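Throughout, a chain's letter reflects where its sequence line sits, starting with A, and its residues are numbered from 1. Computed from a prediction, not measured in an experiment: that's the story for all the values here.
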2 protein chains.
Amino acid sequence: MSAPTTTQPVFATKRQRMTPETRRARILDAAQGLFLERGWDAVTIADVLDVAGISKGGFYHHFAAKEDLLDGVVERFTNEALSSAETAHAAATGDALTRFNAFLADTSRWKAEQAPQLKFFLDAMLRPGNDVLFTRITNASNTAAKPVLQGMIAQGISEGCFDVPDLTLVTETILAFSGGRRTAIERAIRAAEADDLDGGVDILTSRMVAEGALIDRLLGLPQGSIALCNSSEYRLMLRAIAQDGPPDRRIDDQSPP
Amino acid sequence: MSAPTTTQPVFATKRQRMTPETRRARILDAAQGLFLERGWDAVTIADVLDVAGISKGGFYHHFAAKEDLLDGVVERFTNEALSSAETAHAAATGDALTRFNAFLADTSRWKAEQAPQLKFFLDAMLRPGNDVLFTRITNASNTAAKPVLQGMIAQGISEGCFDVPDLTLVTETILAFSGGRRTAIERAIRAAEADDLDGGVDILTSRMVAEGALIDRLLGLPQGSIALCNSSEYRLMLRAIAQDGPPDRRIDDQSPP
DNA sequence: CCAAGTTACAGACCGACGGTCGGTATGTAG
DNA sequence: CTACATACCGACCGTCGGTCTGTAACTTGG
């Protein structure tokens, strides 16, 4: 009868107190990594707990539910996208077309210095079964970026250089391009990984040229007004990605260690 | 000690045998209704079992996993969309533009005789939390319809009346319109329900007019070539929907009966 | 018409996972 | 030092997807 009915917990490890923001950020870091790596439903709370080094009680003190993790992660990406769009918007000068062009070029730029992050991110996005995360991030980012883009187009209209049948629809259509870019990027990376770097660059280039041409039409601009292709950047980035070797594409690896 | 260790099941009710196809269809019916009503993750296998009137063993005899239900439901919608697109394609005659116009008009038509079904479907689609189902159906339908649409555009190009920078991208862009239509439809229905039928019709009309104008541009056609708006149909349908009273929008109703 | 085999089904059971709860350590204000 | 707030712990629980053993209904060969 030495064992009590209700077990009294004994804490072996020293407690580690952190400020709520820090703790939240740590947990979010862990969650984000796991989500990108394995996909939303394949990640359990226990996994996050493990990586974040916190207990269940601690977790639920900072988050109300597993869904909150997704919201938090998505919010991060959204804020990033939004601030990047806003700074690009603020940096642009000149007439509406010039500014719009600069804006597009900046937001769709592949910054060479962040190849590893981009590789990791793309890799995660292209992994099958990650649709939920991808969709949510894309939607949230587009929603956040929409007012900025729409504002620029509206200004172009008021300046008389854009001619558009329906402001909202045109904005949404341009935004929708980013969603479809996924497949092009995927094909390009596959080509680059298969030692066809130029092929990959071509895929990306023609896609972006086509997008530019369509935006011309959508905005009622003469052909060639919009250009958001930069093949040298594509080349740099694709090489960096391909050199890292093909990613680990297995998804249901349950083999014992 | 009269109770055996392993309970021997006793079947009270008469067994009801059905052909596999029928049973599958019945289960799919139940699942589809529940999915539309409550959303994918809010529906449990037990719910489906209940509505379909079958046991777990029976269910797993016909379906390998819960995911299979989604696939099955999505496949139904896809097939419907595909066959509708193909018949519309086959029915169209004349030059490429005429046929394309007829095709678009037919596939985007609101058939007045199926107001109840459409109401139920839209209602489900617009309900918050149904994004998964909506996304999957939209994606699958678009994927299925894409070859048909792309074929028509390609023919228009070869006939010399369409001028397009990138066939794939243009096709996808036109297809993407259907996704964004959701918000317009939602606003229109809300207006109609708020006794502003004309306002609702206007919303729909202007949206479709704008889509037509944009398709003109995408295909390199003179303004006004494409017209996929039919306000009288919108009026009929919106009235039918609004008269049925506002839908039941609660989502987390756990109140006991 | 019956025995043997196959298929459609029933329901007890299981493990995993999301979430709760009573309790414990670590501050901080008065 | 006391009182209160809060960060955190981990045993526990309910639910849900999925498995398994067993049974009734249909089919077929003799």
> If you check the Ser55(A) side chain, which of dC9(D), dG17(D), dA8(C) turns out closest?
Replying inline: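 Selected nucleotide (nearest to the side chain): dC9(D).
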> Can you tell me if the side-chain N/O atoms of His62(B) get under 4.0 Å from OP1 or OP2 in dC9(C)?
Replying inline: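 For dC9(C), OP1 or OP2 has a side-chain N or O of His62(B) closer than 4.0 Å.
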> Is the shortest side-chain N/O distance from His61(B) to OP1 or OP2 of dC9(C) below 4.0 Å?
Replying inline: no
>> Restricting to non-hydrogen atoms, name the atom on Arg127(B) and the atom on Glu37(B) that form the minimum distance, rounded to 0.1 Å.
In response: NH1-O, 3.2 Å
Please report, rounded to the nearest Å, how far the [atom2] atom of [N] is from the [atom1] atom of [X].
{"X": "Arg38(B)", "N": "dC16(D)", "atom1": "CZ", "atom2": "P", "result": "11 Å"}
{"X": "Met18(B)", "N": "dA10(C)", "atom1": "CE", "atom2": "P", "result": "11 Å"}
{"X": "Glu21(A)", "N": "dT6(D)", "atom1": "CD", "atom2": "P", "result": "13 Å"}
{"X": "Leu49(B)", "N": "dT15(D)", "atom1": "CG", "atom2": "P", "result": "16 Å"}
{"X": "Arg17(B)", "N": "dA8(C)", "atom1": "CZ", "atom2": "P", "result": "6 Å"}
{"X": "Tyr60(B)", "N": "dC16(D)", "atom1": "OH", "atom2": "C1'", "result": "9 Å"}
{"X": "Glu67(A)", "N": "dG19(C)", "atom1": "CD", "atom2": "C1'", "result": "14 Å"}
{"X": "Ile54(B)", "N": "dC9(C)", "atom1": "CD1", "atom2": "P", "result": "5 Å"}

>> Would you say Thr22(A) and Thr19(A) are linked by a side-chain donor-acceptor pair, where the criterion is simply a distance under 3.5 Å?
In response: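 Their side chains do contain a donor-acceptor pair, which is all the 3.5 Å distance test asks for.
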>> Evaluate Arg23(A) against Ile27(A) for side-chain contact (heavy atoms from CB on, under 4.5 Å), listing each step before the verdict.
In response: CA-CA 6 Å; Arg23(A) 184 56 91 186; Ile27(A) 298 176; 4.1 Å; yes
>> What contact category does Val43(A) fall into here, base, sugar-phosphate, or nothing, at under 4.0 angstrom with non-hydrogen atoms?
In response: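 Sugar-phosphate, backbone atoms only, no base.
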> So what does Lys56(A) hit on the nucleic acid, given a heavy-atom distance under 4.0 Å: a base, only sugar-phosphate, or nothing?
Replying inline: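 Result for Lys56(A) = base.
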>> Taking the nucleotide of DNA chain C with the nearest heavy atom to each, does Gly57(A) or Thr44(A) sit closer to the 5' end?
In response: Thr44(A)
> Do Phe177(B) and Arg207(B) pass the side-chain contact (heavy atoms from CB on, under 4.5 Å) test, and can you show the C-alpha distance, the side-chain angles, and the key distance before you say yes or no?
Replying inline: CA-CA 10 Å; Phe177(B) 286 154; Arg207(B) 161 88 198 192; 4.3 Å; yes
> Going through the distances and angles, do Arg38(B) and Asp47(B) end up as a salt bridge (Lys or Arg N to Asp or Glu O under 4.0 Å)?
Replying inline: CA-CA 11 Å; Arg38(B) 303 184 202 164; Asp47(B) 293 332; 3.2 Å; yes
